[in-house]
Amino acid sequence: MREVLEFELAGERLVGTRHVPSTPGARMGVLLLNAGFAPRDGHGGLSAHAADALAARGIPAYRFDLPRIGDSPGPLPARILDFFDLVASGGFADVTTELVRELCLRERLDRLVLGGLCGGAITAIFVGARERTRVCGLLLLEPEMYVIEPKTGATPGNRQLARLSGPMQRRLFNYWGWMRLLANEGPRSRWVPFPRQTILAFLRGRTDLPAATNMPLLEAWRELVRDGRPSLVITAAGKMHEIFFDRINAVAFRGIDTRSVRHVRLEHTNHIFTMGGAIEAVLSQVLPWVESVGCIANSGSALASADARCRSPLPPA
Amino acid sequence: MNAYQPGMPLCGIEVPQYLDRGGLQTYVVEHRPVQPWRAVVVLAGPMSLERSNSYLSWVRWARTLACNGFVVFRFDYTGVGESTGSFADQTFDTWAGDLCAVVSVARERHSGLRVFVNGLRLGALLGQSVGECDGLLAWGPPAGGRAMLAEILRRKLAADYVERVTGRGTHEGYIRELESGALLEVEGYPWSRGLWSSADRYAFAPRGQHHVIHLDGRPVERLPDPQTAESLRIGSPPFWLQPTSLVADLTELFWRSVARLEAWS
């Protein structure tokens with residue numbers, strides 16, 4: 001069963017959905033955030049299906065439209081890139097932190113697994129790093145770990161080059177054009193002979209972070225991993241987000257214990273998981289993982305004692 | 001016309017709620033502006049991924065109507081969005097039933113007001129089957145249900161190609177699969193034989209009071225009846241396919257639609 005929830009937080013009205021668990025009494029829940037600017041059910045209803053399945057297993061699940069998205073009102077930048085910039089800079093972190101606190105209070109929950117796809121994953125990382133006691137696990141679908149210069153599509157590293165040159169050169173130096181080519185995501189990429197594997201191997205071997213890395217986000221992510229917070233990362237195999245995620249992690253997590261992170265790669269799907277049976281595949285990973293992180297228990301135990309239960313027993317990423 | 005822009009104060013209140021319909025929950029948002037009210041408009045949206053893509057514009061349109069004195073009901077079809085139910089069990093007929101149920105509720109709650117249906121794409125096709133409405137305003141209606149589903153299947157083929165899906169099918173192959181009774185994943189939703197065959201019964205041929213706004217900028221010669229239809233070109237790709245802006249420029253469409261609904265009221 002689903003119920004509508006409405007919160008007023010810091011002057012903003014948030015509309016959400018509660019998926020009532022089949023058995024009452026759970027003190028832990030799951031909160032799913034918007035995938036970019038898509039409404040809270042997610043593309044193909046992914047978030048709604050996940051929340052239904054969790055509730056059927058006795059786990060209360062919630063989905064909220066953050067301000068400006070879906071049914072929640074608020075000012076909206078007209079340009080999509082400006083919206084992405086807002087998300088990437090943690091623009092939804094404050095209100096989501098408030099939402100986590102309010103949800104725990106009103107729903108009598110001790111803690112939450114927080115997650116989402118793409119932009120939802122970004123916000124989950126920022127909030128997870130802030131809310132050490134209430135956020136006990138992260139569900140990160142296609143996390144976007146890079147920033148895009150809003151006006152040009154250029155990265156900080158090649159901004160000057162892009163400014164100096166004409167349209168042809170701008171194309172040549174367009175970081176995302178190259179990334180799409182590398183990830184086989186551009187409409188023309190199949191026609192361009194390109195030693196993808198060689199270049200990918202070269203990139204993986206590099207010891208520096210890409211210039212486009214979202215550093216504040218990476219810091220938050222590193223803190224979460226150092227902290228041992230269980231995280232389930234699901235990416236579309238071989239696609240741009242995954243390539244970038246792998247490259248950043250390879251550099252950022254040298255010498256850090258990453259056993260709390262489980263990374264699942266889904267073959268034959270796209271960024272929003274609407275192909276190749278990905279929605280079913282995501283559900284089959286999420287349900288056992290949420291149960292295995294150990295945060296979801298019918299207990300009213302003190303927060304301090306729950307840390308140990310939140311350690312992931314899963315193998316290293 | 002009072003145009004609502006994101007960030008402006010709402011005109012009245014918005015009440016999101018569930019209608020309990022024999023084990024199913026239909027998600028409805030009622031926009032109640034400050035009185036006096038002109039009429040009620042029930043918004044019937046497009047299907048599946050088109051719903052996700054168009055949602056911001058659809059909500060903005062509902063708020064614009066509210067700012068012009070219309071009570072608005074918008075809802076999700078069974079198995080889609082916030083409404084419960086299995087998508088695989090749905091057909092055009094079950095979705096037409098959803099629309100009729102919401103129109104009935106709207107009529108019950110606002111018995112003194114006229115009730116209009118405004119449908120976009122699938123919603124325009126389904127809007128024809130509502131017996132008890134006082135007018136249908138159709139936006140971008142496809143020629144029929146099959147034509148619309150075939151168009152979405154072509155998008156699936158294009159996505160298969162871009163994403164390099166191995167062993168990808170053909171248009172005919174996908175239709176054969178559907179007709180054989182297998183479920184076919186299209187833009188994340190499981191299409192069934194029931195959905196495919198029901199679409200055949202929904203050609204766009206509205207009767208009663210109606211007005212059609214084609215959104216492809218077609219010339220007047222291609223309008224079936226210039227008295228009840230007009231044409232407008234909105235940006236390409238249209239807002240239900242791939243939003244290129246979060247606040248798509250739909251001023252002309254909104255303006256003409258408000259004018260039509262005001263004239264009917």
Side-chain angles (χ1 to χ4, degrees), chain A residues 1-6 13 15-17 19 35-46 48-49 52 63 65 67-84 184-190 236 238-239 267-280, chain B residues 4-10 13-18 20 23 25 27-29 31 48-49 51-56 58-60 62-63 74 76 79-84 86-87 156 158-168 183 185-190 242-249:
Chain A
M1 194 176 85
R2 301 181 189 179
E3 292 170 351
V4 175
L5 289 176
E6 289 179 85
R13 177 169 166 260
V15 181
T17 303
H19 293 248
F37 49 82
R40 63 186 183 276
D41 63 304
H43 302 97
L46 170 60
H49 291 311
D52 272 342
R63 297 175 292 110
D65 282 329
R68 310 171 173 97
I69 314 171
D71 295 328
S72 300
L76 198 62
R79 286 162 38 88
I80 290 175
L81 283 177
D82 292 336
F83 178 83
F84 288 162
N184 238 338
E185 288 186 38
R188 287 174 221 94
S189 58
R190 69 170 53 226
K239 297 296 163 76
E267 299 286 342
H268 312 303
T269 192
N270 55 3
H271 173 54
I272 55 173
F273 292 151
T274 54
M275 301 178 74
I279 291 175
E280 283 303 313
Chain B
Y4 173 84
Q5 290 300 328
M8 283 170 56
L10 300 176
I13 57 165
E14 294 179 6
V15 187
Q17 63 211 279
Y18 277 106
D20 286 317
Q25 293 180 284
Y27 180 73
V28 177
V29 180
H31 298 244
S48 44
L49 202 55
R51 169 194 174 274
S52 301
N53 290 333
S54 63
Y55 206 84
L56 290 173
W58 202 232
V59 173
R60 183 158 55 97
R63 289 174 180 156
R74 58 185 170 86
D76 284 335
V80 180
E82 296 308 314
S83 291
T84 61
S86 158
F87 186 98
K156 174 181 170 63
D160 287 353
Y161 179 79
V162 170
E163 300 290 346
R164 297 185 159 223
V165 170
T166 47
R168 60 179 191 273
L183 290 177
E185 182 191 42
V186 183
E187 298 183 332
Y189 291 91
Q242 190 187 351
T244 48
S245 163
L246 297 184
V247 190
D249 182 9

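Note that the structure is a prediction, hence the values are computed from the model and not measured. In what follows, chains are A, B, ... by sequence order, proteins preceding strands, each numbered from 1.
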### Query
With respect to chain B, which residue among A:Gly276, A:Ala48, A:Ala38 yields the maximal number of heavy-atom pairs within a distance under 4.5 Å?
A:Gly276
### Task
Can you tell which part of B:Arg60 gets under 4.5 Å to a heavy atom of chain A, answering side chain, backbone, both or neither?
neither
### Query
Using non-hydrogen atoms only, which part of B:Tyr27 is less than 4.5 Å away from chain A: side chain, backbone, both, or neither?
side chain
### Query
Relative to chain B, which segment of A:Glu3 carries a heavy atom at a distance below 4.5 Å: side chain, backbone, both, or neither?
backbone
## Note on the structure
Among A:Arg40, A:Glu267, A:His43, the residue with the most heavy-atom pairs under 4.5 Å to chain B is A:Arg40
### Task
Using the test salt bridge (Lys or Arg N to Asp or Glu O under 4.0 Å), find all partners of A:Arg68 that sit at least two apart in sequence or belong to another chain.
none
### Task
Between chain B and each of A:Pro67, A:Ala35, A:Gly45, A:Pro73, count heavy-atom pairs under 4.5 Å; write down the option with the most.
A:Pro73
### Message
If you compare all heavy atoms of A:Asp71 against all heavy atoms of B:Val29, which two are closest, and at what distance to 0.1 Å?
### Response
OD2-CG2, 4.3 Å
### Query
Which region of B:Thr84, side chain (C-beta onward) or backbone (N, CA, C, O), has a non-hydrogen atom less than 4.5 Å from a non-hydrogen atom of chain A, or is it both or neither?
both
### Message
At a heavy-atom distance under 4.5 Å, which candidate from A:Ile272, A:Val15, A:Asp41 has the highest pair count against chain B?
### Response
A:Asp41
### Query
Judged by atom type as modelled, is there a donor-acceptor pair below 3.5 Å linking the side chain of A:Thr269 to the main-chain atoms of A:Ala236?
no
### Task
Mark yes or no for whether B:Tyr18, through its side chain, and B:Glu82, through its backbone, hold a donor-acceptor pair below 3.5 Å.
yes
### Task
Specify the closest pair of heavy atoms between A:Gly44 and A:Ile279, including all atoms of both residues, with the distance to one decimal.
O-CD1, 3.5 Å
## Note on the structure
The salt bridge (Lys or Arg N to Asp or Glu O under 4.0 Å) partners of B:Asp249 (sequence neighbours excluded) come to none
### Task
Walk me through it: do A:His268 and A:Met275 pass the test side-chain contact (heavy atoms from CB on, under 4.5 Å)?
CA-CA 7 Å; A:His268 312 303; A:Met275 301 178 74; over 6 Å; no
### Query
For the atom pair CZ (B:Arg51) and CH2 (B:Trp58), what is the distance rounded to the nearest 0.5 Å?
12.0 Å
### Summary
Given B:Arg74, B:Gln17, B:Met8, the one with more heavy-atom pairs under 4.5 angstrom with chain A than any other is B:Arg74
### Query
Where does B:Gln5 contact chain A at under 4.5 Å (heavy atoms): side chain, backbone, both or neither?
neither
### Message
So for B:Gln25, is it side chain, backbone, both, or neither that comes closer than 4.5 Å to the heavy atoms of chain A?
### Response
side chain
### Query
With a 4.5 angstrom heavy-atom cut-off, which part of B:Glu185 approaches chain A: side chain, backbone, both or neither?
side chain
